[in-house]
Amino acid sequence: MLKEWIENANYIVIFTGAGMSTESGLPDFRSSNQGLWQKKDPSKIASTEALNNNVEAFISFYRERVLGVKEFKPHKGHHILADWEKKGSVKAIITQNVDGFHQQAGSEKVAELHGTLQKLHCQTCGKEYDSEEYINKAYHCSCGGVLRPNVVLFGESLPQDVFQFALKETEKADLFIVLGSSLSVTPANQFPLIAKENGAKLVIVNQEQTQMDFYADKVIHHKKIGELLQELDEGMHQ
Ligand code: APR
């Protein structure tokens with residue numbers, strides 16, 4: 001049935017979370033067995049408070065994550081979504097992920113709600129750097145300021161232009177597909193509800209239960225995203 005919905009839809013918007021990148025090798029945050037937040041408290045490490053008062057721990061945590069996004073690559077599922085955009089069926093991707101894998105796989109219309117680990121900027125003068133700096137253990141700007149990743153930290157608001165773009169795309173969707181998110185972080189988790197309120201069919205693909213399953217027209221649990229996208233993609237080429 002999902003295959004038919006995809007084939008008959010006019011405006012498909014994809015919404016991805018960390019579950020989209022676990023098959024690339026990156027950990028997610030809340031999976032019962034391996035999530036990052038099972039071991040660390042996000043408010044203590046992924047926050048402005050940590051950046052200002054615990055900068056060594058902050059930098060070592062983010063250097064680990066930068067190493068991950070530089071070492072691992074998009075998987076087949078990312079490439080299928082990029083292919084569906086080229087074919088005109090996927091119109092936009094709204095992602096909570098900061099790995100840049102959708103763009104690396106070729107997707108063009110991507111709203112990075114939580115920013116990106118691919119870039120850093122100076123906390124003092126704002127100058128931008130590639131996150132390779134962290135890999136080379138270069139943590140300061142030429143002005144002397146501390147370099148931090150271009151990600152939205154707990155305690156910070158989302159980039160307004162990206163948020164507005166994601167809102168406009170969500171309101172145009174007639175099929176809104178969530179891939180790999182527990183939908184537990186606001187305001188990102190409002191987009192599936194806004195799509196639903198605007199008359200879209202809502203599909204949630206997630207290994208575990210999410211907080212929004214109740215609102216979905218279709219929920220697919222216990223299926224890996226990569227596998228599902230490959231099945232759908234094969235089915236549609238016949
Ligand atoms: N296939 C399907 N689902 C998967 C897969 C997979 N291969 N791998 C993991 N999942 C599911 C997990 O069961 C989990 O429920 O993906 C979900 C990921 O949820 P989270 O770890 O909470 O990640 P996410 O929803 O993206 O978190 C949102 O929280 O910490 C902040 O800024 C961070 O963007 C992140 C936000």
Side-chain angles (χ1 to χ4, degrees), residues 16-79 81-82 93 95-107 110-156 158-159 162 179-182 185 188 207 224-226:
T16 62
M20 181 76 216
S21 297
T22 53
E23 292 167 72
S24 288
L26 292 178
D28 65 15
F29 298 98
R30 296 174 187 83
S31 259
S32 23
N33 52 354
Q34 48 125 22
L36 268 181
W37 300 152
Q38 306 300 334
K39 304 179 199 95
K40 289 189 183 304
D41 174 355
S43 63
K44 293 270 177 307
I45 196 74
S47 60
T48 42
E49 200 266 334
L51 173 58
N52 297 325
N53 307 331
N54 194 359
V55 70
E56 285 75 25
F58 176 91
I59 287 178
S60 83
F61 172 71
Y62 276 103
R63 181 171 183 275
E64 269 311 297
R65 292 187 61 198
V66 167
L67 284 164
V69 301
K70 297 286 185 187
E71 180 194 345
F72 297 116
K73 294 284 161 259
H75 59 74
K76 185 102 175 70
H78 291 98
H79 289 281
L81 294 178
I93 295 181
T95 188
Q96 300 171 95
N97 298 339
V98 292
D99 49 40
F101 287 178
H102 286 302
Q103 296 93 317
Q104 281 180 27
S107 290
V110 181
E112 293 179 307
L113 295 178
H114 295 160
T116 179
L117 278 176
Q118 295 294 346
K119 294 274 180 236
L120 310 171
H121 67 270
C122 173
Q123 178 81 331
T124 308
C125 74
K127 186 173 174 225
E128 189 158 279
Y129 291 79
D130 189 284
S131 52
E132 280 296 325
E133 298 293 303
Y134 262 29
I135 296 189
N136 306 329
K137 301 195 173 181
Y139 303 131
H140 290 89
C141 175
S142 42
C143 83
V146 170
L147 298 182
R148 53 152 292 173
N150 286 12
V151 296
V152 178
L153 298 175
F154 283 94
E156 291 181 323
L158 273 59
V162 176
L179 298 174
S181 178
S182 63
V185 167
Q207 244 161 352
K224 283 201 174 300
I225 288 165

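- Listed by chain and residue number, Val152, Asp161, Val162 satisfy the side-chain contact (heavy atoms from CB on, under 4.5 Å) test with Pro159 (two or more places apart in sequence, or in another chain).
- Between Gln104 and Lys73 there is a side-chain heavy-atom pair separated by less than 4.5 Å.
- Put simply, the side chain of Gln118 never gets that close to the backbone of Gly100: no donor and acceptor are under 3.5 Å apart.
- Side-chain contact between His140 and Val146 is present, with heavy atoms from C-beta onward closer than 4.5 Å.
- Residue Cys122 comes nearest to Cys125 through the heavy atom pair SG-N, 3.2 Å, listed as atom of the first residue, atom of the second, then distance.
- Of the N and O atoms on the side chains of Gln207 and Ser31, not one donor lies less than 3.5 Å from an acceptor on the other residue.
- A distance of 13.0 Å separates CD in Glu64 from OH in Tyr62, rounded to the nearest 0.5 Å.
- Closest approach of Leu113 and Ala188 over heavy atoms only: CD1-CB, 3.8 Å.
- For Asp41, the salt bridge (charged side-chain N to carboxylate O under 4.0 Å, His left out) test picks out Lys44, with sequence neighbours left out.
- A distance-only check finds no donor-acceptor pair linking the side chain of Glu128 to the backbone of Leu120 [under 3.5 Å].
- Note that CZ of Arg30 and CD of Gln38 are 9.0 Å apart. Values are rounded to the nearest 0.5 Å.
- Note: His102 NE2 to Ser21 OG = 6.5 Å, rounded to the nearest 0.5 Å.
- Remark: Thr22 engages Asp28, Gln34 in a side-chain contact (heavy atoms from CB on, under 4.5 Å) (not counting sequence neighbours).
- With sequence neighbours excluded, the residues that form a salt bridge (charged side-chain N to carboxylate O under 4.0 Å, His left out) with Glu156 are Arg148.
- Considering CG of Leu51 and CD of Glu49, their distance stands at 10.0 Å, rounded to 0.5 Å.
- Considering only heavy atoms from C-beta on, Leu81 comes within 4.5 Å of Leu179 through its side chain.
- Qualifying salt bridge (charged side-chain N to carboxylate O under 4.0 Å, His left out) partners for Lys76, counting only residues two or more places apart in sequence or in other chains: none.
- Looking only at distances, no side-chain donor or acceptor of Asp130 sits under 3.5 Å from a matching main-chain atom of Lys119.
- With a 4.5 Å cut-off on side-chain heavy atoms, Thr95 and Met20 do not count as touching.
- For the pair Trp37/Ile45, a side-chain contact is recorded, criterion being any heavy-atom separation below 4.5 Å from C-beta on.
- At least one side-chain heavy atom of Phe101 sits less than 4.5 Å from a side-chain heavy atom of Ser24.
- Residues Ser131 and Leu117 have side chains not in contact (no heavy-atom distance under 4.5 Å, counting atoms from C-beta outward).
- Identified under the ring-ring contact (aromatic ring centres under 6.0 Å, His included) test for residues 112-138, with sequence neighbours left out: Tyr134-Tyr139.
- Here the side chains of Ile135 and Glu71 are not in contact, with every heavy-atom distance at 4.5 Å or above.
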